[in-house]
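Values in this document were obtained by computation on a predicted structure and should not be read as measured data. Ligands are counted one by one from 1 in listed order, and the atoms in each one are counted from 1 as well. FYI, the numbering just counts along the sequence from 1.
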Amino acid sequence: MSENKNLELKEIIKKYPQKRKMLLMPSFSSGRQLLHNLNQEGIKIFNCDLETPLGLLKKSLELQLFNDNLTLIENQQASYLIYRVLIELKAEAKLKYFDQLQLSSGSINLLAGTILEYRMAGYNTEDIEANKFIKAEKTEDLKLINKSYQEKLKQENYLDQAAAYHLALTMEKFNLKEAVIIQPEDIELSSLERKFLNKIKSQSSAAYNFKLNRNNEENFEAEFLAAYGSTNEVNNILRKITEADFKADQTTVYYLSQEPYSQQFYNLAQNYNLAVSFAGGISINNTKAAAVYYNYLAELRENPNYENQLRAADVAHTLLNIIAQLKVKKDIDQEAKNIILRKLKLFIKYFDLLEAKEVVIRRLQDLIKDERVNISGPEPGKIYLAPSTAALYSNRKNEIFIGLEENNISESQSENPVILDFERNYYPNLSLSTEKNKKALLDLETVIYKNSANKLLSYSNYSIQDSREQLPSFLLLDAYRKRETDQTLTFKDFKADAVKTTAFAPDSAANSLNLNEYFLSNFKAADKITNKKELLLNFYPNFEKGLEFLDAELEPEFNKYSGRLSSIFKSEAQLQAEEPVYSSSRLETIAKCPYKYFLNYVLGISAPEEAELDPFSWLSPLEQGTLLHSVFEHFIKEMIESSKQLDSEEKRRLINKILNEEAEKMRLEVIPPSELIYQLKLKELRERTDLFLSLIEMELKDSEPVFVERFFDNYILKLNSGREIKLRGKIDRIDRLNDGSYRIIDYKTGGDYSYSEQEYFKEGTQLQPALYSAAFAEELEAEVREFLYLFVNQGAVKKKYIRKNNRKEKLKEILDILLNTAEAGTFIAAAYDKDNKECKYCDYNQLICEREKDDKLSELFKTSAEAAVKKLRGLKDYE
Ligand code: SF4
């Protein structure tokens with residue numbers, strides 16, 4: 001049997017260079033950090049497995065659990081079992097002390113957590129005795145709850161952690177590989193964990209404890225920081241890191257409580273591309289999966305159609321389906337999705353009772369609200385944000401402790417109300433809250449006085465949220481006294497001498513993190529902003545280029561700032577890096593506005609994807625168009641495939657069924673603001689599908705649909721200039737006419753303001769009919785008689801526009817003009833034309849062009865002598 005011996009970690013490694021070692025740590029992340037530190041210090045540790053007490057327990061019991069068909073459950077599931085016990089005991093009116101307890105998530109977690117703590121301390125039902133608790137009823141209730149919980153575990157063949165440790169302690173021999181066991185001296189263990197590890201160690205060849213603390217109380221050095229509110233505190237720390245030029249991966253910021261700091265660092269990381277890794281992850285609330293989840297619950301709360309009593313498991317089931325079908329791209333969204341699905345599956349098993357709607361919603365909100373994603377260890381090139389307890393295992397040079405105000409430290413001192421300290425006195429394996437807090441404080445002191453090259457200790461002297469002042473902690477005063485080696489110093493000295501408060505404006509404008517701070521700093525210094533230009537240039541270096549542009553814009557001639565880029569694009573090859581496959585809309589864009597073509601197809605700029613959510617409507621015009629197109633496509637497909645002729649009512653039922661299905665799919669992608677708004681939109685869409693049915697009945701009765709969503713992607717068209725271009729396209733529908741020729745149909749769901757019977761090409765901005773007719777004639781090897789635009793929109797003046805297929809030669813002339821323009825690097829902006837509404841509805845107008853009247857660019861387009869522009873003006877002749 002081996003004894004625990006104390007030795008320096010380096011000595012242990014030296015003593016057993018090749019022998020198998022097991023490093024026992026409180027968590028894998030602390031273990032990985034310790035191994036990473038050793039590696040950085042150049043200490044190689046070979047043949048070493050990382051283990052935690054729980055991991056070791058699972059390995060020890062693996063075979064036995066399998067043979068006895070037992071399952072080791074997680075604490076969450078154990079809490080749910082305790083919840084079921086409480087529900088049943090309450091229903092049978094058996095509880096006398098806890099009978100009034102509201103079974104909210106918070107109270108369940110507290111009660112279950114205490115029962116599990118009691119069991120991990122090695123106690124069971126029999127140890128609950130009358131004289132040890134304040135009231136006899138409490139004793140009886142606790143006994144009953146424990147007993148029923150144990151019976152439930154037995155019925156289900158479950159073991160909670162305590163039961164599993166008890167089982168492991170009955171084992172004679174552990175089936176573990178022989179190893180030297182090493183663990184930190186001050187690892188915190190429950191009674192059962194300690195007994196179990198002692199038994200394991202007794203069977204190992206050697207076991208060592210090692211000390212990590214590198215206390216530096218002697219020559220303690222630290223800088224003290226204070227800020228007005230936690231946001232300023234975090235900003236101030238970031239400024240300090242920048243000012244001192246701390247290397248990110250040599251810097252850790254430690255907190256006592258995770259929030260609000262991790263959210264604030266996450267926001268900073270998002271806004272300023274700050275590289276941060278989060279030991280405790282970030283809140284799941286930052287993910288798309290959580291937004292969809294909460295949104296559904298918010299809708300449920302608003303929806304008057306749902307009854308007041310609901311079965312939580314049913315709601316969880318619906319949520320499970322919604323989240324399972326949710327498409328996500330980012331890693332954190334995928335991680336959140338997995339967590340939510342896992343939690344819901346477990347939840348459904350236990351929460352199948354009817355409860356008040358509000359209780360169900362709260363329960364489901366609570367189910368995920370504390371979940372974290374993106375949990376990580378310290379990473380190269382990143383600042384590490386971690387709990388102060390992690391500082392024991394870290395060796396980063398720069399250590400910053402944040403939130404060291406007194407109430408943050410004293411907040412942890414509340415007493416556990418389920419088993420009071422007075423009652424805990426009878427159970428020596430249970431620690432008292434005062435002891436726990438004392439230990440937490442001692443641990444904090446240990447890490448604060450640990451050696452590190454740079455130490456910053458920060459606190460916030462005001463809580464903006466609660467509008468109250470906050471005091472620095474005694475711990476800060478103590479650290480100040482140690483730094484000054486003067487035990488007589490007071491808080492007054494500390495505030496006056498050691499620390500200066502940072503508020504919203506930094507000391508110097510040069511240290512500003514953003515424009516707000518820069519502005520405030522200047523304002524504070526001079527009472528006014530004296531040099532606005534400097535301010536802008538400081539934060540937006542490209543602003544200088546903007547000024548250059550504004551100056552050049554006033555010049556009358558066609559220059560590079562108004563789209564004459566021939567001098568920049570030296571060759572055609574450079575402009576078109578690879579030969580493009582043109583679509584009709586791409587070519588039409590040149591005719592509509594060459595500058596728009598440049599922004600979209602050459603620079604690849606697109607409008608921001610996430611527009612602000614409109615709380616009063618569901619679906620943008622584009623999303624609505626996509627949904628309707630999909631409904632029409634599915635409907636016509638069913639009509640083509642159906643062997644039976646449907647009457648009008650059957651068609652109506654079919655299209656409405658498809659609409660409902662497609663809308664349900666769409667609502668998973670685009671969340672409606674409320675159920676009511678969703679239903680209203682559905683009603684509006686049904687009017688559209690009714691119109692669609694009547695239009696195809698009236699306008700397309702002489703043809704029969706043969707294809708839907710038909711593609712061509714390699715149609716080569718030889719132009720008059722000799723140039724050959726590759727074209728692609730997709731059409732909604734192709735019908736066969738009685739004489740065997742074809743009709744191409746394009747559904748339009750918007751207005752028809754830019755269509756007319758007479759204008760076939762509309763100055764080159766409508767090429768699709770001629771181009772598709774030519775391409776499909778080749779593709780189908782048959783005559784395409786006509787192209788028909790069908791406007792499924794009550795607001796359209798005319799519902800159909802027909803283009804006969806006889807303009808291929810004209811099409812080729814137009815394409816030559818358009819391609820010459822692009823290849824010459826002539827990206828002039830279109831003349832502003834309020835009737836044409838090109839600029840009015842253009843995505844780039846608000847963001848880039850800001851055009852709202854006939855301006856200098858319009859003048860330039862109308863008068864420029866540039867050959868390519870002249871040809872563009874010539875498109876007027878192609879009606
Ligand atoms: S706003 Fe007008 S000028 Fe600007 S890209 Fe759009 S259409 Fe062209």
Any residue meeting salt bridge (charged side-chain N to carboxylate O under 4.0 Å, His left out) with D735, in chain and number order, not counting sequence neighbours: R733
Under 2.8 Å from atom 8 (Fe) of ligand 1, which protein N/O/S atoms are there? C593 SG
Check step by step if salt bridge (charged side-chain N to carboxylate O under 4.0 Å, His left out) holds for D816 and K812. CA-CA 6 Å; D816 260 332; K812 292 202 278 185; over 6 Å; no
Partner residues of K726 under the side chain to side chain donor-acceptor pair (under 3.5 Å) criterion, sequence neighbours left out: none
Under the salt bridge (charged side-chain N to carboxylate O under 4.0 Å, His left out) rule, what pairs show up with a residue in residues 742-758, not counting sequence neighbours?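 Only D702-R743, R743-E786, D746-K748, E757-K798 qualify under salt bridge (charged side-chain N to carboxylate O under 4.0 Å, His left out).
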Is the Lys NZ or Arg CZ of R667 less than 6.0 Å from the centre of Y678's six-membered ring, within 45° of the axis?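 So R667 does make the cation-pi contact.
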Backbone of G750 reached by a side-chain donor or acceptor of N793 within 3.5 Å: yes
